[in-house]
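Quick notes on the structure that follows.
Predicted model only: the values in this text are computed from it and were never measured. Chain A is the first sequence line, chain B the second, and so forth, proteins listed ahead of strands; every chain is numbered from 1.
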2 protein chains.
Amino acid sequence: MIRILLAEDQMLVCDALATLLDFEDDMTVIARASDGLAAVREAKRAQPDIALLDVEMPHQGGLDAAEEILQSVPDCKVILLTTFARPGYMQRAIQAGAHGYLLKDGEVEQLAAAIRAVMRGERIFHPALMMAAIASENPLSMRERDVLRGVKNGLTTKELARDLSLSEGTVRNYLSEAISKMNCTSRQDAVRRAESMGWL
Amino acid sequence: MIRILLAEDQMLVCDALATLLDFEDDMTVIARASDGLAAVREAKRAQPDIALLDVEMPHQGGLDAAEEILQSVPDCKVILLTTFARPGYMQRAIQAGAHGYLLKDGEVEQLAAAIRAVMRGERIFHPALMMAAIASENPLSMRERDVLRGVKNGLTTKELARDLSLSEGTVRNYLSEAISKMNCTSRQDAVRRAESMGWL
DNA sequence: CATTTGCAATGACATTTGTCATATCGTGAC
DNA sequence: GTCACGATATGACAAATGTCATTGCAAATG
């Protein structure tokens, strides 16, 4: 019997998924969590075979929780589940050692099959995202990411210059480079694009 | 037997919810859709008692689909389901004549109970959102919404001025007013805030 | 009828943004 | 050792943004 920890912040979706997984002859949901912190705690307590983690959760997201679970519950295999096809997130998931990364637009049978495959020792990652992740190496330099992060946090060019000990012209130049690399026309658009690619 | 149309773009969530609803003795999911357009089409074809519509769907969202279904399938009662607690969206749902507006962070029993209550003729809206909707009247004028929509669609001040047959100064002034009303410091922030409040 | 208020509309002006040319440094290739 | 390249860093300048003062109009209020 495959023992599953399910982490999903939307109760309705959590209930529904748990019910479906319990339907499978060889699976049972033994623990649930509604955020990353709780997921890590439950993983340690219940020692599940599989941790099925939503990526977008409050307090601590699925990616961070995955990293911690893989560290502290070595026999637990981690599968991430998400709405968004973000190659950068999947890249991070792979680098953290996750065993699977699936999108919610798949069918239940696919989820069950993926869980079984992971139990057999396979790693299941969305093929298209695999290619996208390889194709889309993060083009941003460290400083470009620094300034984009500042913009994301609502800082002005002046404030960024102060925080990073740079001149305003330098900050503007990094932002301009980042805007160009993201194929955008404003710093806010560049932030969103970088985030959606998982580069920030 | 309550006949339900379920519209949800994530297949996994759709499958899971349909299974749970089919579990109820008095309910059956007779049709499914993965976007607003398909939801309207399926509502016309299958004539369900209840249309359960996710708000965030591609092509046409649940709110727009709700309006159309209420127009063209008068015996069908519409319940909207969403992740985001946006008073403005619920306001629109009420104004369109929807019979319910629920959040996905509720439990399955609550959903089933809401469906039964709506069948009995009740209207089920999230109490806290009701208060928030009343408290947060949309402060934006028509023109302010016009210019914010333009910004959301990526238009520059010049392009907006042309599209709306206004001068650039006028467009900037409306944007400035909107930014101020949203308590923001940039037009992009104002767009996001207005959207998150359901005012756009 | 006069006044007030909110909306629609405009342009002047200060500030911010984004582009561009430029310089320095470290690293890798030849 | 020289050269090319990418990253880091800077300031000048044109364009865009946001604020502000202002005007006109319609509707509501006294």
Quiz item: How many angstroms lie between CE in B:M119 and CZ in B:R3, if you round to the nearest 0.5 Å?
Solution: 9.5 Å
Quiz prompt | Gap between atoms CG and P, on B:L148 and D:dG18 respectively (whole Å) | solution = 11 Å
Self-check item: Protein-nucleotide distance (A:E144, atom CD; D:dA7, atom P), rounded to Å
Solution: 7 Å
Quiz prompt | Under-4.0 Å side-chain N/O to phosphate OP1/OP2 contact, B:S167 with C:dA9 | solution = no
Quiz item: Between A:R45 and A:E42, does at least one N-O distance fall below 4.0 Å, as a salt bridge requires?
Solution: yes
Exercise. For B:S186, report the nucleic acid contact type (base, sugar-phosphate, nothing); a contact means any heavy atom under 4.0 Å.
Key: sugar-phosphate
Quiz prompt | Integer-rounded Å distance: C:dC7 P and B:L166 CG | solution = 16 Å
Quiz item: How far apart are the closest heavy atoms of A:Q188 and B:S186, and which atoms are they?
Solution: NE2-OG, 4.2 Å
Quiz prompt | Of the listed nucleotides C:dT16, D:dA9, C:dT10, the one nearest the side chain of A:R143 | solution = D:dA9
Quiz prompt | Spacing between A:L160 atom CG and D:dA9 atom C1', to the nearest angstrom | solution = 15 Å
Exercise. Could you tell me whether A:R116 and A:E24 have a side-chain N and a carboxylate O separated by less than 4.0 Å?
Key: yes
Quiz prompt | Phosphate OP1/OP2 of D:dA16 contacted by B:T157 side-chain N/O (<4.0 Å) | solution = no
Practice problem: Output the distance between atom CE (B:M182) and atom CE (B:M197), rounded to the nearest 0.5 Å. | Solution: 8.0 Å
Self-check item: Interatomic distance where NZ belongs to B:K158 and C1' belongs to D:dA16 [whole Å]
Solution: 8 Å
Practice problem: Would you indicate what A:T170 reaches in the nucleic acid, counting non-hydrogen atoms under 4.0 angstrom: base, sugar-phosphate, or nothing? | Solution: base
Exercise. Check whether any side-chain N or O of B:Y174 sits under 4.0 Å from OP1 or OP2 of C:dA8, and answer yes or no.
Key: no
Self-check item: Result of checking A:T156, A:L175, A:L200 against A:V151 for side-chain contact (heavy atoms from CB on, under 4.5 Å)
Solution: A:L175
Self-check item: d(CZ, B:R187; P, C:dT16) in whole Å
Solution: 15 Å
Self-check item: Between D:dT8 (P) and A:L164 (CG): distance, integer Å
Solution: 11 Å
Quiz prompt | Heavy-atom pair of closest approach, residues A:M27 and A:L21 | solution = CB-O, 3.5 Å
Quiz item: Closer to the 5' end of DNA chain D via nearest nucleotide, is it A:E168 or A:K181?
Solution: A:K181
Quiz prompt | Spacing between B:L140 atom CG and C:dA8 atom P, to the nearest angstrom | solution = 11 Å
Anything under 3.5 Å between a protein N or O and an N or O of nucleotides 19-23 of chain D, put it in a table, one pair a line.
from   : atom 1 : to     : atom 2 : distance (Å)
D:dT19 : OP2    : B:S176 : OG     : 2.3
D:dC20 : N4     : B:N173 : OD1    : 2.9

